[in-house]
Protein chains: 2
Amino acid sequence: MSIGIKFTLNEHLFLRDPQDSKLGKKIIKESIVLIDEIGFEAFTFKKLAKQMQSTEASVYRYFENKHVLLIYLVSWYWEWMSYLIDFNTMNIEDHERGLKIVIRTIVDASRENPAIDYVNETILHRIVISEGSKAYHTKHVDEENKHGIFKTYKDLIQKVANIILKVQPNFKYPRSLASNLFEMANNHIFFAQHLPRLTDIEVQEDNYTEVSEMMEYFTFRLLAN
Amino acid sequence: MSIGIKFTLNEHLFLRDPQDSKLGKKIIKESIVLIDEIGFEAFTFKKLAKQMQSTEASVYRYFENKHVLLIYLVSWYWEWMSYLIDFNTMNIEDHERGLKIVIRTIVDASRENPAIDYVNETILHRIVISEGSKAYHTKHVDEENKHGIFKTYKDLIQKVANIILKVQPNFKYPRSLASNLFEMANNHIFFAQHLPRLTDIEVQEDNYTEVSEMMEYFTFRLLAN
DNA sequence: TCTACAATGATAGTTATACTATCTTTTTTT
DNA sequence: AAAAAAAGATAGTATAACTATCATTGTAGA
């Protein structure tokens with residue numbers, strides 16, 4: 001049932017392209033499930049291999065280590081988000097309406113119809129919320145950044161920044177606002193679920209309406225004339 | 001040269017209070033230096049013990065594991081921030097001016113005169129920027145939260161939320177804005193230093209003026225009538 | 001269809017991490 | 001000076017994070 005999407009991810013993110021083989025796709029699929037289940041710290045390649053009935057050595061043939069695998073997953077998510085934004089804003093003439101759609105896409109990504117059979121986007125969204133920032137909070141950011149590892153995210157931010165500029169060409173902080181939108185969406189869902197006193201919004205189950213309302217309010221207040 | 005401050009931190013954060021002994025203070029002091037130097041992932045109690053000429057077992061008598069130590073350090077930072085905000089806004093009648101001072105305090109915390117001899121606040125600020133969010137991004141958040149581990153942070157957010165409400169009593173999202181101010185300050189300093197395309201501001205050395213300018217702009221746009 | 005070769009599996013081994021336990025020595029308290 | 005608490009020294013265990021080697025299976029081209 002694949003609709004034939006294959007994302008192009010930076011080649012430093014893997015040793016062998018997991019999108020090219022059955023085992024590779026299984027690694028992606030099962031790692032998403034396992035990281036969500038036990039958390040990134042407790043996650044190991046040995047446990048993953050056991051769960052997918054393969055071996056540790058086989059997993060290491062695809063990914064250098066679990067940190068790179070996390071960046072891969074998060075990058076995959078960002079590529080997917082980028083695709084969704086393009087898709088959802090296609091043929092929208094009104095820039096304000098376009099930006100609102102972007103915000104709702106960011107917040108409600110997991111409600112979109114799954115696009116690829118070996119990736120559970122709903123679970124991946126949870127991982128991005130709770131583990132995503134660990135992808136770049138390391139001592140090796142600069143080095144990894146030099147390899148273009150974060151290009152996907154930077155392009156995504158630029159895409160949203162451009163939409164922001166269409167709404168308000170004089171706005172001084174388009175990229176800051178764009179990155180803040182992503183961080184804010186993830187943080188406040190996390191806060192509402194785990195540390196509710198750090199936010200004013202509430203979420204139940206997978207209804208994130210209050211998050212996107214808040215973000216729309218913030219955004220259009222900032223961009224108003 | 002201590003001015004006699006001793007912060008009260010949740011008792012679940014340590015096995016023996018590090019503030020009560022020479023060795024405990026040394027653990028705090030040296031762990032800050034070492035985490036900053038090699039990053040939290042590479043940091044181990046064994047390396048710490050070696051650096052401070054003590055033993056692994058001794059460190060384990062104070063902290064259950066390195067994750068709890070990180071929460072301890074970050075909580076210490078939040079306590080200190082709370083103290084600074086009170087101190088810097090004391091006797092300020094004008095609420096708007098008060099909020100501006102809060103923003104500058106959050107951003108420029110590390111420029112404040114060091115208050116306690118065994119904590120290098122400048123280095124600790126760097127740790128909070130690059131490792132701080134790992135304190136609560138774990139599978140055990142809920143459990144740790146039940147123990148009141150994050151009370152310090154929640155109280156700090158509430159304090160800033162109250163100041164926000166004084167500026168604009170009708171504002172719908174005081175706590176969200178407060179937590180966003182802290183997250184934003186740290187993120188954009190980090191971005192400017194490591195992933196500059198994710199922000200519009202620039203920082204050089206320890207001059208974070210552009211960060212506080214941006215945050216003031218965002219905040220007062222949101223709170224304007 | 002056979003051959004070559006790439007991919008995977010099975011197994012073992014290495015070094016480091018994350019602890020726990022026990023005993024001795026030093027320091028502090030009374 | 002004795003008792004108790006803290007710290008040091010040392011050793012040990014389980015698991016993590018890899019690397020290496022060889023056997024087996026699957027597949028693409030001659």
Side-chain angles (χ1 to χ4, degrees), chain A residues 6 11-31 34-35 37-73 118 131 134-135 138-140 143-144, chain B residues 6 11-31 34-35 37-73 118 131 134-135 138-140 143-144:
Chain A
K6 188 194 161 188
E11 54 170 16
H12 283 98
L13 286 175
F14 48 78
L15 301 170
R16 190 190 316 248
D17 193 339
Q19 290 179 112
D20 283 349
S21 74
K22 216 176 145 185
L23 185 68
K25 289 172 186 168
K26 210 173 167 192
I27 291 173
I28 302 306
K29 184 178 185 168
E30 303 284 343
S31 64
L34 191 55
I35 291 174
E37 200 180 310
I38 65 177
F40 185 66
E41 272 69 40
F43 171 84
T44 70
F45 279 1
K46 199 171 190 174
K47 289 175 189 166
L48 172 62
K50 197 183 169 188
Q51 159 149 333
M52 51 185 279
Q53 314 218 73
S54 177
T55 63
E56 214 182 345
S58 296
V59 179
Y60 273 105
R61 284 183 185 115
Y62 283 84
F63 294 100
E64 223 179 302
N65 54 55
K66 70 174 186 174
H67 179 244
V68 179
L69 170 58
L70 179 67
I71 305 181
Y72 182 94
L73 295 177
Y118 58 91
E131 320 282 2
K134 292 171 193 168
T138 71
K139 266 286 153 185
H140 320 105
E143 200 187 324
E144 289 173 334
Chain B
K6 188 195 162 188
E11 54 170 15
H12 282 98
L13 286 175
F14 49 79
L15 300 170
R16 191 190 316 251
D17 192 339
Q19 290 178 112
D20 282 349
S21 75
K22 215 177 145 184
L23 186 68
K25 289 172 186 168
K26 209 174 168 192
I27 290 174
I28 302 306
K29 184 177 184 167
E30 303 285 342
S31 65
L34 191 55
I35 292 173
E37 201 180 309
I38 64 177
F40 184 66
E41 271 69 40
F43 171 85
T44 69
F45 279 2
K46 199 172 189 173
K47 289 176 189 166
L48 173 61
K50 197 184 168 188
Q51 159 149 332
M52 52 186 278
Q53 314 217 74
S54 176
T55 63
E56 214 183 345
S58 296
V59 179
Y60 273 105
R61 284 182 185 116
Y62 282 84
F63 294 100
E64 223 180 302
N65 55 55
K66 71 174 185 173
H67 179 244
V68 178
L69 171 58
L70 179 67
I71 304 181
Y72 182 94
L73 294 177
Y118 58 91
E131 320 283 3
K134 293 172 192 168
T138 71
K139 266 284 154 186
H140 321 104
E143 201 188 322
E144 289 172 335

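The structure presented is a predicted model; accordingly, all values stated were derived computationally and were not measured. Chain A is the first sequence line, chain B the second, and so forth, proteins listed ahead of strands; every chain is numbered from 1.
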A.B. asks: For Thr138(A), which residues count as a side chain to side chain donor-acceptor pair (under 3.5 Å) partner, sequence neighbours excluded?
C.D. replies: none

A.B. asks: What does nucleotides 10-29 of chain D look like as a protein-contact string, B for base, S for sugar-phosphate only, - for none, at under 4.0 angstrom between heavy atoms?
C.D. replies: ------SBBBBB--------

A.B. asks: Quick one: is Tyr62(B) getting a side-chain N or O under 4.0 Å of the dA7(D) phosphate, OP1 or OP2?
C.D. replies: yes

A.B. asks: So does Phe45(A) get a backbone contact from the side chain of Glu56(A), meaning a donor-acceptor N/O pair under 3.5 Å?
C.D. replies: no

A.B. asks: With sequence neighbours left out, what residues match Tyr118(A) under ring-ring contact (aromatic ring centres under 6.0 Å, His included)?
C.D. replies: none

A.B. asks: Could you check how far NZ of Lys26(A) sits from P of dT8(C), rounded to whole Å?
C.D. replies: 11 Å

A.B. asks: Verify the neighbour count for atom NZ of Lys29(A): are there more than 12 heavy atoms of other residues, nucleotides or ligands below 6.0 Å?
C.D. replies: no

A.B. asks: Could you list the residues that satisfy side chain to side chain donor-acceptor pair (under 3.5 Å) with Gln51(B), not counting sequence neighbours?
C.D. replies: Glu30(B)

A.B. asks: Could you give the angle between the helix axes at the two ends of the helix from dT1(C)-dA30(D) to dT30(C)-dA1(D), with five pairs per end, rounded to 10 degrees?
C.D. replies: 20°

A.B. asks: Could you pull out all residues at least two apart from His12(B) that satisfy ring-ring contact (aromatic ring centres under 6.0 Å, His included)?
C.D. replies: His147(B)

A.B. asks: For the side chain of Lys66(B) and the backbone of Phe40(B), is there at least one donor-acceptor N/O pair under 3.5 Å apart?
C.D. replies: yes

A.B. asks: Identify the heavy atoms of Ile27(B) and Val59(B) that sit nearest to each other, and give their distance.
C.D. replies: CD1-CA, 4.0 Å

A.B. asks: What is the distance, to the nearest angstrom, from the CD atom on Gln53(A) to the C1' atom on dA10(C)?
C.D. replies: 15 Å

A.B. asks: On the nucleotide dA9(D), are OP1 or OP2 found under 4.0 Å from the side-chain N or O atoms that Ser58(B) carries?
C.D. replies: no

